[in-house]
Asks: 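One structure, pasted below without further comment.
Atom set for the values below is all heavy atoms of this structure, side chains included, hydrogens, waters and symmetry mates excluded.
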Amino acid sequence: MHRGTIILPGGAGYLGKALAQGLLAEGFLPVILSRGAKVDDGPVRYLRWDGERLDDWADEFEDARAVINLAGRTVNCRYNEVNKAEIFRSRLASTKVVGEAIAGCRNPPPVWLNASSATIYRDADRSMDEHTGEIGDGFSVEVCRKWEAEFERAVTPATRKVALRMAMVFGPGKGGVFEAFHNIVRLGLGGTLGGGGQYVSWIHLDDFIRAVVWLIENEDFSGPVNLSSPNPLTNRDFMAIFRALCGQPIGLPATAWMLEIGAFFLRTETELLLKSRRVVPARLLDAGFSFEFPDFAAALEDILDLRRSRS
């Protein structure tokens with residue numbers, strides 16, 4: 001049964017493609033807006049856009065069931081001035097033009113989900129939910145603040161808006177965060193990173209997709225929502241579980257200064273590993289959403305089983 005078209009601006013990456021397949025399984029018809037070549041992936045359609053200007057792609061918004069905007073340059077890079085400007089521009093411009101496309105519809109989508117990040121909260125020594133979480137400071141927090149502010153500025157009175165404060169999404173397949181950690185562990189480098197006491201927030205891909213569908217269908221839900229497992233864990237425990245389930249007894253630790261050197265050569269930032277993110281999804285839990293994989297060990301075991309079955 002055709003349950004409606006869902007538009008996925010910026011959906012050509014790992015997460016967008018996985019979400020598109022999950023939406024297909026739920027009976028929706030995904031349309032991905034991408035800066036890359038126009039291709040077809042089975043029933044998933046791809047359309048070209050530049051993420052900044054209205055064009056023919058905006059016609060797809062008419063009568064759509066939902067819009068899920070995932071557009072934005074990766075933050076897995078060095079935070080020099082050029083990259084920082086592109087990180088801001090890619091998020092703010094795409095959010096602005098998505099809002100313009102919705103505003104121009106005669107029959108606009110009833111819901112717009114816009115990506116944000118769980119890194120909006122401060123370096124955490126306690127659990128951070130949507131009610132009591134404290135907004136942090138620094139570059140990545142400022143990105144999230146301006147991103148959500150641009151989202152809120154969009155005038156879409158007939159379209160409900162939900163800001164997705166996403167934790168790291170773990171699932172099988174190339175290009176995802178699981179693959180990056182799995183490679184580190186497999187090479188014997190999966191020891192404690194930094195002090196090890198910093199918290200890691202995460203969510204299983206299946207729960208991410210289920211939560212997105214739930215947010216589309218629950219018409220009374222709007223505003224920011226944490227898309228994360230209810231059970232964040234310390235980096236020390238996170239890496240220990242990864243090593244145990246991968247059967248890797250060796251895990252060389254890396255101090256902060258070692259990570260700084262590695263990050264320089266890998267053209268990334270240590271903040272992605274050292275910031276403590278202790279995010280919990282209070283609004284989803286309060287509304288009755290149930291996680292299939294609330295605990296990291298079970299989530300990782302499921303992903304490893306899927307990976308083995310596919311190979």
Side-chain angles (χ1 to χ4, degrees), residues 1-36 38-49 51 57-72 94-95 98 101-102 105 107-116 151 156 159-178 203-219 221-222 225-229 281 284 287 289-293 299 302-303 306 310:
M1 182 179 65
H2 181 359
R3 298 178 64 190
T5 300
I6 295 184
I7 315 299
L8 291 166
Y14 169 82
L15 186 58
K17 289 179 178 178
L19 177 57
Q21 293 303 314
L23 293 170
L24 268 177
E26 292 290 330
F28 297 104
L29 296 180
V31 176
I32 289 176
L33 304 184
S34 170
R35 298 172 188 267
K38 182 178 178 181
V39 297
D40 287 326
D41 183 14
V44 178
R45 289 193 297 128
Y46 282 70
L47 296 177
R48 288 286 300 274
W49 81 325
W57 56 263
D59 296 341
E60 298 287 338
F61 283 55
E62 195 71 49
D63 298 313
R65 179 65 183 86
V67 175
I68 307 170
N69 180 27
L70 302 174
S94 59
T95 299
V98 166
I102 292 173
C105 291
N107 186 27
V111 59
W112 171 14
L113 280 58
N114 207 72
S116 182
F151 182 43
T156 59
T159 299
R160 176 170 55 93
K161 295 192 289 187
V162 181
L164 307 177
R165 293 178 174 174
M166 298 185 291
M168 291 190 294
V169 181
F170 281 80
K174 293 183 177 181
V177 67
F178 161 79
I203 186 170
H204 190 293
L205 175 63
D206 287 356
D207 280 331
F208 173 79
I209 294 169
R210 290 177 57 250
V212 166
V213 172
W214 189 93
L215 289 165
I216 290 170
E217 294 177 338
N218 280 264
E219 299 177 357
F221 199 106
S222 62
V225 58
N226 293 343
L227 289 187
S228 62
S229 157
L284 282 177
F289 181 81
S290 176
F291 286 80
E292 287 188 358
F293 297 97
D302 178 74
I303 294 166
L306 285 170
R310 291 179 181 182

Asks: Which atoms form the tightest heavy-atom contact between L215 and L227, and what is the distance?
Replies: CD1-CD2, 4.3 Å
Asks: Looking at V225, is its backbone amide N or carbonyl O close enough to the side chain of R165 to form a donor-acceptor pair, meaning the two atoms are under 3.5 Å apart?
Replies: no
Asks: What residues form a side chain to side chain donor-acceptor pair (under 3.5 Å) with R210, not counting sequence neighbours?
Replies: D207
Asks: Would you check if the side chain of S94 reaches a backbone N or O of G51 as a donor-acceptor pair within less than 3.5 Å?
Replies: no
Asks: Within the side chain of Y14, is there an N or O that forms a donor-acceptor pair under 3.5 Å with the backbone of G171?
Replies: yes
Asks: According to side-chain contact (heavy atoms from CB on, under 4.5 Å), who are the partners of S229, at least two apart in sequence or on a separate chain?
Replies: W202, N231
Asks: Search all heavy atoms of A20 against all heavy atoms of P30 and return the closest pair with its distance.
Replies: O-CG, 3.4 Å
Asks: Where the side chain of R160 meets the backbone of I216, is there a donor-acceptor pair that is under 3.5 Å apart?
Replies: yes
Asks: Taking side chain to side chain donor-acceptor pair (under 3.5 Å) as the definition, give me every residue that meets it alongside W49, ordered by chain and number, with sequence neighbours left out.
Replies: none
Asks: Looking only at heavy atoms, what is the nearest atom pair of F61 and P9, with distance?
Replies: CZ-CG, 4.5 Å
Asks: Roughly how far apart are L19 CG and F28 CZ, rounded to 0.5 Å?
Replies: 10.5 Å
Asks: Is the side chain of N69 donor-acceptor paired with the backbone N or O of A71 at a distance under 3.5 Å, no angle test?
Replies: yes
Asks: Are W214 and L284 packed together at the side-chain level, in the sense that at least one heavy-atom pair is separated by less than 4.5 angstrom?
Replies: yes
Asks: Hey, could you give me the CD1/CD1 distance between I209 and I203, rounded to the nearest 0.5 Å?
Replies: 10.0 Å
Asks: Are any of the side-chain heavy atoms of P281 and F291 separated by less than 4.5 Å?
Replies: yes
Asks: Going by the rule side-chain contact (heavy atoms from CB on, under 4.5 Å), which residues pair with A18 if we only count those two or more places apart in sequence or in a different chain?
Replies: L205
Asks: For F208, which residues count as a ring-ring contact (aromatic ring centres under 6.0 Å, His included) partner, sequence neighbours excluded?
Replies: none
Asks: Go through the steps for V44 and Q21 under the test side-chain contact (heavy atoms from CB on, under 4.5 Å), then give the verdict.
Replies: CA-CA 8 Å; V44 178; Q21 293 303 314; 3.8 Å; yes
Asks: Going by heavy atoms in the side chains, are E62 and C105 under 4.5 Å from each other?
Replies: yes
Asks: Under the ring-ring contact (aromatic ring centres under 6.0 Å, His included) test, which residues partner F293, sequence neighbours left out?
Replies: H204
Asks: Do F151 and T156 have side chains that approach each other closer than 4.5 Å (heavy atoms only, starting at C-beta)?
Replies: no
Asks: Return the set of residues passing side chain to side chain donor-acceptor pair (under 3.5 Å) with S116 (not counting sequence neighbours), or none when no residue passes.
Replies: E148
Asks: If you take all heavy atoms of I303 and F170, which pair is closest and at what distance?
Replies: CD1-O, 3.4 Å
Asks: What is the distance from atom CG of L23 to atom CD1 of I6, rounded to the nearest 0.5 Å?
Replies: 4.5 Å
Asks: Output the distance between atom CG (L70) and atom CG (L15), rounded to the nearest 0.5 Å.
Replies: 6.0 Å
Asks: Would you compute the distance between atom CD1 of I32 and atom CD1 of I68 and round it to the nearest 0.5 angstrom?
Replies: 10.5 Å
Asks: Look up atom CG in L33 and atom CD1 in I7, then write down how far apart they are to the nearest 0.5 Å.
Replies: 6.5 Å
Asks: Of all residues at least two apart in sequence or in a different chain, which pass the side chain to side chain donor-acceptor pair (under 3.5 Å) check with D63?
Replies: N107
Asks: Quick check: closest heavy atoms across P109 and V67, and the distance to 0.1 Å?
Replies: CG-CG2, 3.7 Å
